[in-house]
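Computed over heavy atoms, backbone and side chain alike; hydrogens, waters and symmetry mates excluded.
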Amino acid sequence: MMRLRVFLLSLSLFLPGVDLLALELHGLYEAEVPVADQSRAARQDATARALSQVLVKVSGSGQVENRAPAEVAKYVQQYRYRRSPSTDELVLWVRFDARGVDGLLREQGVSVWGAARPVTLVWLAVEQGGHRELVGANDEGFARETLITTGERRGLPVRLPLLDLAEQSRIRPADIWGDFHQPIVEISERYDPQAVLVGRLYPLRGSRWAVRWSLYQGDNRFRWNGESEDKRSLLALGIEGAADRLSEALSGSPGGMSDDRLALDVAGVVDLAGLQRTLGYLTGLNVIDHIEVVRVEAEKVRFGLRVDGGTARLVNTLALGDTLTAAAVPDRDREQQYASTPVPERDQQHEQEQQEQGSRRALLYRLVP
């Protein structure tokens, strides 16, 4: 424990605060779009379309799809052309600057969804020819393809059930069709999802189809439906609706809450390895703008955080990971003052400014071994 205290004293001397940048999720700031040729005009048009796709993935919101600015070149990091192996079509791959894209979204009043995205398990029952069947992970039809590709476009990890013999004995298409909560929740525990999406697709008169969707996330439940002659659009509607609702619930509002400050106590930090693991995890969270070590006790460290989107967004984000587990979350109205360790003289003004900012909410978590 002495080594941990010595390390933290050095941290407070030389790194009183660590400003964090957005963590780039693999492929989150990249897009690939068809392009007519390699002319400058064609590239500019394709780059704008690619940026629109990236804005949707980074925010999780479909409302930003057409918000790419006129000047898109300044956001580009890399680009290259290639031929699609399946269609021989010329496509343009573009990677955009993460910090620039995040700033663009915030300028437009849109939250940046963090890199930790909720894995969403999709139960889909399709009625056709008087029969109802479930869509599984090994299906090769359009339904599975549409669900997966829409999830990729919206930056939402989508999983489908295996539908093996064990599952077939425990759940039936009628359970999904009736949206029976209890059997769906019980069978879904096998996959440990953070959200469960339940859909029912069925034919209407003529060539029209209808769909009903339900999303379960924690204690929240959302429902929506649609009708169309295009079955793919109705399936995409489920993933798009889930992405909209989950990103709104987990990303928070950028307006007026981007400077929310709070204390995070992490128990179970007994050595330098534990501290470094905790810091590494927290610095990888897009929701945290600033972090500093405030106090060290026996097997517990207090961090001071500045959170983009407020306490609720941080709690929801931590719940998606497996590094920290909640030990106690205070009531919204119950707030605690930071109790800081002594700081060097050159940082006393910084510490005084912190104290003058008023009380800050404290969360208690435990480092998972």
Visitor: Evaluate side chain to side chain contact (heavy atoms under 4.5 Å, CB included) for L318 paired with Y281, printing each intermediate quantity in order.
Guide: CA-CA 10 Å; L318 292 176; Y281 171 66; 3.7 Å; yes
Visitor: Quick check: does any side chain N or O of D175 sit under 3.5 Å from a backbone N or O of P183, one acting as donor and the other as acceptor?
Guide: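 Checked: no pair found.
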Visitor: Is R302 salt-bridged to E297, going by a charged N under 4.0 Å from an acidic O?
Guide: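 A salt bridge is absent here (no side-chain N lies under 4.0 Å from a carboxylate O).
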Visitor: So, do V293 and V301 sit near enough that their side-chain heavy atoms are less than 4.5 Å apart?
Guide: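 Counting from C-beta outward, V293 and V301 do come under 4.5 Å.
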Visitor: Nearest 0.5 Å, please: how far is CZ in R49 from CD in Q44?
Guide: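 It is 12.5 Å, given to the nearest 0.5 Å.
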Visitor: Is any side-chain N of the basic residue among D164 and R170 closer than 4.0 Å to the acidic one's carboxylate O?
Guide: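 The answer is no: the pair does not qualify as a salt bridge.
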Visitor: Are V94 and E30 side-chain neighbours, meaning at least one heavy-atom pair lies under 4.5 Å?
Guide: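 Side chain of V94 against side chain of E30, heavy atoms only: no contact under 4.5 Å found.
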Visitor: Can you find a pair of side-chain heavy atoms, one from W213 and one from V122, that are under 4.5 Å apart?
Guide: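 A side-chain contact exists here, since the closest heavy-atom pair is under 4.5 Å.
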Visitor: Distance from S61 atom OG to E248 atom CD, nearest 0.5 Å?
Guide: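 It is 8.5 Å, given to the nearest 0.5 Å.
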Visitor: Apply the test side chain to side chain contact (heavy atoms under 4.5 Å, CB included) to residues R82 and W93: give CA-CA distance (whole Å), side-chain angles for both, the deciding distance (0.1 Å), then the verdict.
Guide: CA-CA 8 Å; R82 74 176 184 92; W93 172 87; 5.9 Å; no
Visitor: Taking R117 for its side chain and G155 for its backbone only, find out whether a donor-acceptor pair lies under 3.5 Å.
Guide: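 A pair under 3.5 Å: yes.
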Visitor: With no hydrogens and no angle check, is any side-chain donor or acceptor of Q194 less than 3.5 Å from a backbone partner on V119?
Guide: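 Yes, Q194 side chain to V119 backbone: donor-acceptor pair under 3.5 Å.
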Visitor: Is there a side-chain contact between Y75 and T47 (heavy atoms, below 4.5 Å)?
Guide: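 No. Closest side-chain heavy atoms not under 4.5 Å.
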Visitor: Using only heavy-atom distances, determine whether the side chains of T146 and R232 contain a donor-acceptor pair under 3.5 Å.
Guide: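 There is such a pair between these side chains.
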Visitor: Side chains of R106 and S111 only: does a donor on one sit below 3.5 Å from an acceptor on the other?
Guide: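 Side chains of R106 and S111: no pair found under 3.5 Å.
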Visitor: Tell me, do V158 and L160 make a side-chain contact under 4.5 Å, heavy atoms counted?
Guide: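 Touching, per the 4.5 Å side-chain cut-off.
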Visitor: F303 pairs by side-chain contact (heavy atoms from CB on, under 4.5 Å) with which of L279, L262, D265?
Guide: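 The single option meeting the side-chain contact (heavy atoms from CB on, under 4.5 Å) with F303 is L279.
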Visitor: Check this for me, if you would: do D179 and R212 make a salt bridge, where the nitrogen-to-carboxylate-oxygen distance has to be below 4.0 angstrom?
Guide: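 No, no charged N to carboxylate O under 4.0 Å.
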Visitor: Write down the atom of P118, the atom of L246, and the distance for their closest heavy-atom approach.
Guide: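 Between these two residues, the closest heavy atoms are CG-CD1, 3.9 Å.
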Visitor: Give a yes or no answer on whether the side chain of R245 reaches the backbone of G241 with a donor-acceptor pair at less than 3.5 Å.
Guide: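 Looks like yes, one N/O pair under 3.5 Å.
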Visitor: How many angstroms lie between atom OG1 of T278 and atom CG of L367, to the nearest 0.5 angstrom?
Guide: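 It is 4.0 Å, given to the nearest 0.5 Å.
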Visitor: Decide yes or no for R83 and L90: does some side-chain heavy atom of the first lie under 4.5 Å from some side-chain heavy atom of the second?
Guide: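 Yes, close enough: below the 4.5 Å cut-off.
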Visitor: Has the side chain of R366 got a donor or acceptor atom that lies under 3.5 Å from a matching backbone atom of T325?
Guide: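 Here the side-chain-to-backbone pair does not exist.
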Visitor: Taking the ring centre of each residue, are Y202 and W177 less than 6.0 Å apart?
Guide: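 Here the rings of W177 and Y202 have centres that are less than 6.0 Å from each other.
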Visitor: Would you name the heavy atoms of G62 and R154 that are closest together and state the gap between them?
Guide: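 Closest pair (atom of G62, atom of R154, distance): N-NH2, 2.8 Å.
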Visitor: Side chains of S228 and D230: any donor to acceptor distance under 3.5 Å?
Guide: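 Result is no, nothing qualifies.
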Visitor: Quick one: does R159's side chain get under 4.5 Å of T120's, heavy atoms only?
Guide: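 No. Closest side-chain heavy atoms not under 4.5 Å.
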Visitor: Donor-acceptor pair, Q168 side chain versus L163 backbone, under 3.5 Å?
Guide: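 Pair found, side chain donor or acceptor close to backbone of L163.
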Visitor: Can you tell me how far the CD1 atom of I288 sits from the CD1 atom of I291, to the nearest 0.5 Å?
Guide: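 Rounded to the nearest 0.5 Å, the CD1-CD1 separation comes to 5.5 Å.
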Visitor: Answer with yes or no whether the side chains of R95 and Q78 bring together a donor and an acceptor at under 3.5 Å.
Guide: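 Present: a donor and an acceptor within the cut-off.
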Visitor: Using every non-hydrogen atom in the two residues, find where L121 and P161 come nearest and quote the distance to one decimal.
Guide: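 Between these two residues, the closest heavy atoms are CD1-N, 3.9 Å.
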Visitor: Establish, from distance only, whether the side-chain atoms of S188 and W123 form a donor-acceptor pair under 3.5 Å.
Guide: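 Yes, because at least one side-chain N or O of S188 sits under 3.5 Å from a partner of the opposite role on W123.
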Visitor: Identify whether L124 and I176 are in the same connected component of the hydrophobic contact network (ILVMFWY, side-chain heavy atoms under 4.5 Å).
Guide: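 As far as the 4.5 Å side-chain criterion goes, I176 and L124 are not connected within one cluster.
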Visitor: As an exercise, state the distance from CD of E145 to CG of L235, rounded to the nearest 0.5 Å.
Guide: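 The distance works out to 11.0 Å.
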Visitor: With rounding to the nearest 0.5 Å, note down the distance linking CZ in R132 to CD in E127.
Guide: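 Between R132 CZ and E127 CD, I get 4.5 Å after rounding to 0.5 Å.
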Visitor: Begin with the C-alpha distance, continue with both residues' side-chain angles, and end with the deciding distance and a verdict on side chain to side chain contact (heavy atoms under 4.5 Å, CB included) for V91 and V33.
Guide: CA-CA 5 Å; V91 295; V33 295; over 6 Å; no
Visitor: May I ask you to decide whether D102 forms a salt bridge with R99, counting only side-chain N to carboxylate O separations under 4.0 Å?
Guide: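 So D102 does not pair with R99 through a salt bridge.
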Visitor: Taking the side chain as C-beta and beyond, is there a heavy-atom pair between T150 and E240 under 4.5 Å?
Guide: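 Yes, side chains in contact.
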Visitor: May I have the step-by-step check of side chain to side chain contact (heavy atoms under 4.5 Å, CB included) for D97 and Y29, ending in yes or no?
Guide: CA-CA 7 Å; D97 174 64; Y29 293 86; over 6 Å; no
Visitor: Taking all non-hydrogen atoms of both residues, which atom of L162 and which atom of A137 are closest, and how far apart?
Guide: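 It is CD2-CB, 4.4 Å.
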Visitor: With a 3.5 Å distance limit and no angle check, can you tell me whether E167 reaches the backbone of I187 through a side-chain donor-acceptor pair?
Guide: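 Such a contact is absent between E167 side chain and I187 backbone.
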Visitor: Between D45 (side chain) and A42 (backbone), is there a donor-acceptor pair under 3.5 Å?
Guide: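 Absent.
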Visitor: Over 60° means perpendicular and under 30° means parallel, so tell me whether H181 and Y216 are parallel, tilted or perpendicular.
Guide: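 Answer is tilted, since the angle falls between 30° and 60°.
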Visitor: Look at K57 together with E152 and state whether they make a salt bridge at an N to O cut-off of under 4.0 Å.
Guide: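 Salt bridge flag = no for E152 with K57.
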Visitor: Under a 3.5 Å distance rule, please check whether W224 uses its side chain to pair with a backbone N or O of L237 as donor and acceptor.
Guide: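 Yes.
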Visitor: Kindly give the heavy-atom pair with the smallest separation between P34 and A46, and that separation in Å.
Guide: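 Heavy-atom minimum between the residues: O-CB, 4.2 Å.
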